Amino acid sequence: QVQLVESGGGLVQAGGSLRLSCDASGRTFSGSAMGWFRQAPGKDREFVASIHGSSGITYFIDDVKGRFIISRGDAKTPVYLQMNMLKPEDTAIYYCAARRISVASKNARDYVYWGQGTQVTVSS
């Protein structure tokens with residue numbers, strides 16, 4: 001059974017940092033595109049960042065550019081999201097997701113595997 005499990009969320013003050021991890025089991029995602037999405041209360045799930053499975057090219061929504069970093073890890077933890085200079089509007093449940101192919105995407109429908117999410121709360 002393929003599983004993705006996020007960790008690293010929590011409560012942080014505005015301006016602080018958190019590092020989210022995404023642990024994988026059941027298959028390897030070494031060549032797969034990985035992504036992070038978030039969903040704030042009352043809002044739709046939105047794309048945050050993705051990384052190409054082979055080139056390592058990264059993509060971000062404009063709101064997090066310069067503040068967030070997506071990076072690849074190892075087989076156990078294939079992707080991280082380093083979040084710096086956090087703002088209250090970053091408050092959301094953050095989900096990691098994986099594709100079966102290497103091409104990164106900003107579209108949630110392109111991702112096959114999803115974690116259950118980790119809560120990130122940024123206080124002002």
Side-chain angles (χ1 to χ4, degrees):
Q1 182 181 359
V2 178
Q3 277 193 312
L4 296 176
V5 179
E6 304 90 340
S7 62
L11 173 63
V12 65
Q13 288 188 329
S17 298
L18 285 173
R19 188 193 196 202
L20 304 184
S21 301
C22 178
D23 285 349
S25 60
R27 64 161 283 170
T28 179
F29 292 100
S30 60
S32 299
M34 303 295 297
W36 287 94
F37 292 78
R38 67 186 180 186
Q39 187 166 18
K43 295 187 177 181
D44 293 333
R45 188 172 299 189
E46 68 170 350
F47 168 78
V48 176
S50 64
I51 184 166
H52 194 281
S54 56
S55 69
I57 295 174
T58 58
Y59 306 88
F60 300 91
I61 54 170
D62 288 344
D63 185 48
V64 307
K65 285 180 181 176
R67 300 191 297 123
F68 289 12
I69 301 168
I70 184 172
S71 60
R72 300 199 71 94
D74 55 20
K76 180 181 181 297
T77 309
V79 70
Y80 297 92
L81 185 67
Q82 176 68 41
M83 305 186 296
N84 303 316
M85 295 180 286
L86 283 160
K87 305 175 182 179
E89 50 264 43
D90 294 319
T91 295
I93 299 173
Y94 283 72
Y95 301 88
C96 73
R99 299 195 71 185
R100 289 199 179 104
I101 61 175
S102 63
V103 178
S105 172
K106 301 177 181 180
N107 191 335
R109 290 175 294 182
D110 290 335
Y111 290 81
V112 176
Y113 304 103
W114 289 84
Q116 292 300 305
T118 185
Q119 176 70 49
V120 170
T121 303
V122 184
S123 63
S124 57

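Along the sequence shown, the residues carry numbers beginning at 1. Values in this document were obtained by computation on a predicted structure and should not be read as measured data.
- Atom OH of Y113 sits about 13.0 Å away from atom SG of C96, to the nearest 0.5 Å.
- Here the closest heavy-atom approach between residue A108 and residue W114 is recorded as O-CZ2, 3.4 Å.
- Both I61 and M83 belong to a common hydrophobic cluster when Ile, Leu, Val, Met, Phe, Trp and Tyr are linked at side-chain heavy-atom distances under 4.5 angstrom.
- Looking at I93 and R45, their side chains never come closer than 4.5 Å, going by heavy atoms from C-beta outward.
- Under a hydrophobic clustering in which Ile, Leu, Val, Met, Phe, Trp and Tyr are joined whenever their side-chain heavy atoms come within less than 4.5 Å, directly or via other members, I69 and L18 fall into different clusters.
- Side-chain contact check for Y94 and R38: at least one donor-acceptor pair (N or O, by modelled atom type) lies under 3.5 Å.
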Should N84 and F68 be marked as a side-chain contact (heavy atoms from CB on, under 4.5 Å) after you check the CA-CA gap, both sets of side-chain angles, and the distance that decides it? CA-CA 6 Å; N84 303 316; F68 289 12; 5.9 Å; no
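- A cation-pi contact, defined as under 6.0 Å to the ring centre and within 45° of the axis, links R27 to F29.
- Distance check, rounded to the nearest 0.5 Å: OG of S50 to CG of L81 gives 11.0 Å.
- Between L20 and Y80, every side-chain heavy-atom pair lies at or beyond the 4.5 Å cut-off.
- Taking every heavy atom of both residues into account, C22 and P78 meet most closely at O-CD, 3.0 Å.
- Side-chain atoms of S55 do not come within 3.5 Å of backbone N or O of H52 as any donor-acceptor pair.
- Using a 4.5 Å heavy-atom cutoff, the side chains of I70 and Y59 are not in contact.
- Here the CZ atom belonging to R67 is positioned 6.5 Å from the CG atom belonging to L86, to the nearest 0.5 angstrom.
- With ring centers used as reference points, F60 lies 6.0 Å or more from F47.
- Hydrophobic clustering (ILVMFWY, side-chain heavy atoms < 4.5 Å, transitive): M34 and V2 are in one cluster.
- There is a path of hydrophobic side-chain contacts, each under 4.5 Å, that joins I57 to Y111.
- Residues V103 and R99 have side chains in contact (heavy-atom distance under 4.5 Å, counting atoms from C-beta outward).
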Quick one: do T121 and V12 satisfy side-chain contact (heavy atoms from CB on, under 4.5 Å)? Show the steps, please. CA-CA 6 Å; T121 303; V12 65; over 6 Å; no
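- Proximity of D23 to K76: side-chain heavy atoms (C-beta onward) are separated by under 4.5 Å at one or more points.
- Annotation for N107: atom CG counts as buried by contact number, over 12 foreign heavy atoms lying within 6.0 Å.
- Rounding to the nearest 0.5 Å places OG of S71 at 8.0 Å from CD of Q82.
- For E46, the CD atom is densely surrounded, since the number of other residues' heavy atoms within 6.0 Å is greater than 12.
- For F37 and Y95, the ring centers are positioned 6.0 Å apart or more.
- If you take CD1 on I51 and OG1 on T58, they are separated by 6.5 Å, rounding to the nearest 0.5 Å.
- The structure places CG of D63 at 5.0 Å from NZ of K87, a figure rounded to the nearest 0.5 Å.
- Taking hydrophobic clusters as Ile, Leu, Val, Met, Phe, Trp and Tyr residues chained together by side-chain heavy-atom distances below 4.5 Å, L4 shares a cluster with V112.
- In this structure, the side chain of T91 engages the main chain of V122 through a donor-acceptor pair within 3.5 Å.
- Nearest approach of P88 to S124, heavy atoms of both residues: CG-CB, 3.8 Å.
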